[in-house]
Asks: 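My questions will all concern the structure given below.
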Amino acid sequence: MYQIKATEGMAKRACFETPHGVIETPVFMNVGTVAAIKGAVSTLDLKEIGCQVELSNTYHLHVRPGDTVIKSLGGLHRFMVWDRPILTDSGGFQVFSLSSLRKIKEEGVHFQSHVDGRKIFMGPEESMQIQSNLASTIAMAFDECPSSKADRSYVQNSVDRTTRWLKRCKAEMDRLNALPDTINKEQMLFGINQGAVYDDIRIEHAKAITELDLDGYAIGGLAVGETHAEMYRVLESVVPYLPKEKPTYLMGVGTPANILEGVERGVDFFDCVYPTRNGRHAHLYTAHGKINLFNAKYEQDMRPIEEGCNCPTCRTYSRAYIRHLLKAKEMLGMRLCVLHNLYFYNRMMEEIRGAIEEHRFAAYKAEKLYQMEQGAD
RNA sequence: GUGGGUAUGGCGCAGUUGGCUAGCGCGCCAGAUUGUGGCUCUGGAGGCCGUGGGUUCGAGUCCCACUAUCCACC
């Protein structure tokens, strides 16, 4: 059940009810691919920094420890001790990101495991079965994410196949949810729109997938090499063709600025590896832009990462100390940085929700972008 | 004390029978990174080749002395 509480232009402030609790949108989902937020961050930490939804990956968990193992242990929620919503990505993106290790066919994709090299086959049915075993709150459809450089005919063929795959996903999900030994019989399914930067292909695809009446719709295949202008244009073209009574999810995006632009164009869900990956590599987000703690100028800087930030890291430690930890490759350094970055993202989403509720999102966005462009010291 | 080895950017090393603006790894400095392979990639700074002399058109490369350091022996 998706309920809109306020709107401002295309921007929406809504509540999305799930079997694992309500998701307040717009929301940023914290990425924990292998059922772990990289950087020694626990699910207890996630609660402290305001995470609503955790995101894990079908392909990675299938390879290790195995979805049947997780099912026998009671599902992903119990396994990682997280009682809030979990969204599992379908493995479709790995068709793109592990492109040197796979072959795409009509029935599905043959992978070579990145861990031990063994052969793995994943098609729509397999992806749904794995996600059902993981018992995540929201399962993503198994799709192909074509390269932003792919030519028109390749993209058209790929998108047509993704539509056929989606129908198989839906049928398999319905079948699995009806089985007696399925852990989460209310598992939801989101479809994924593709079409690279070809607006007309995107729109036709959006029309085709919305006929299936799924629980939500994602826009995939963006932020994979195209320009920001192209990404925003595609959003403006496609979002109007997605149902307004369902959540819209922009996959893999993005920077704080990307998120503000996405919210303005009607997106409810976001996820991105930036706060975690950049945190591990000393890139920290602040209201005044990104800082690189590896820079020598922070060697004796006793200020917190961000003045006024209420995250566990900024309440306690200095830039100088964290820089030292990172330089010494101490795990604590990564952990403190990832905590700060995730807190930053989650807090920004909270501010965005408040701004839309009070119909001042446009002003909030302009102010936020202006501040970030000023640069931090 | 004797014999032998080694001295090249912060550290560890390459530098062919002497020949163009002396390289490499790590580190350092800076930048990239968008449904995560704890990565990866891209730039940059930094060396009068231990010191002094010699041979030569030309020496990091050859010769002599000195200094430092390592190993073995007394």
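Letters A, B, ... mirror the listed sequences (proteins, then strands); counts begin at 1.
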Asks: Classify the nucleic acid contact of A:Gln194 as base, sugar-phosphate or nothing, counting any heavy atom under 4.0 Å across all strands shown.
Replies: base

Asks: Please tell me which of the listed nucleotides, B:A30, B:A32, B:U34, lies nearest to the side chain of A:Asn295?
Replies: B:A30

Asks: Categorize A:Leu98 for me: base, sugar-phosphate, or nothing, with a 4.0 angstrom heavy-atom threshold over every strand shown.
Replies: base

Asks: Using a heavy-atom cut-off of 4.0 Å across all strands, would you classify A:Gly32 as base, sugar-phosphate, or nothing?
Replies: nothing

Asks: Of the candidate nucleotides B:G37, B:U33, B:U36, which contains the atom at the shortest distance from the side chain of A:Thr276?
Replies: B:U36

Asks: Taking atom P in both B:C20 and B:C66, what distance in whole Å separates the two?
Replies: 32 Å

Asks: CE of A:Met29 to CG of A:Leu87: how many Å apart, nearest 0.5 Å?
Replies: 4.5 Å

Asks: About how many Å separate CG of A:Asp174 and CG of A:Leu179, when rounded to the nearest 0.5 Å?
Replies: 11.0 Å

Asks: In this structure, how many angstroms lie between the P atom of B:G35 and the CZ atom of A:Phe270, rounded?
Replies: 14 Å

Asks: Mind checking who B:C11 pairs with, Watson-Crick or G-U wobble, both distances under 3.5 Å?
Replies: B:G25

Asks: Please give, in whole Å, the distance from B:C39 C1' to A:Lys329 NZ?
Replies: 11 Å

Asks: Please state how far atom CE in A:Met140 lies from atom C1' in B:G35, giving the value in whole angstrom units.
Replies: 8 Å

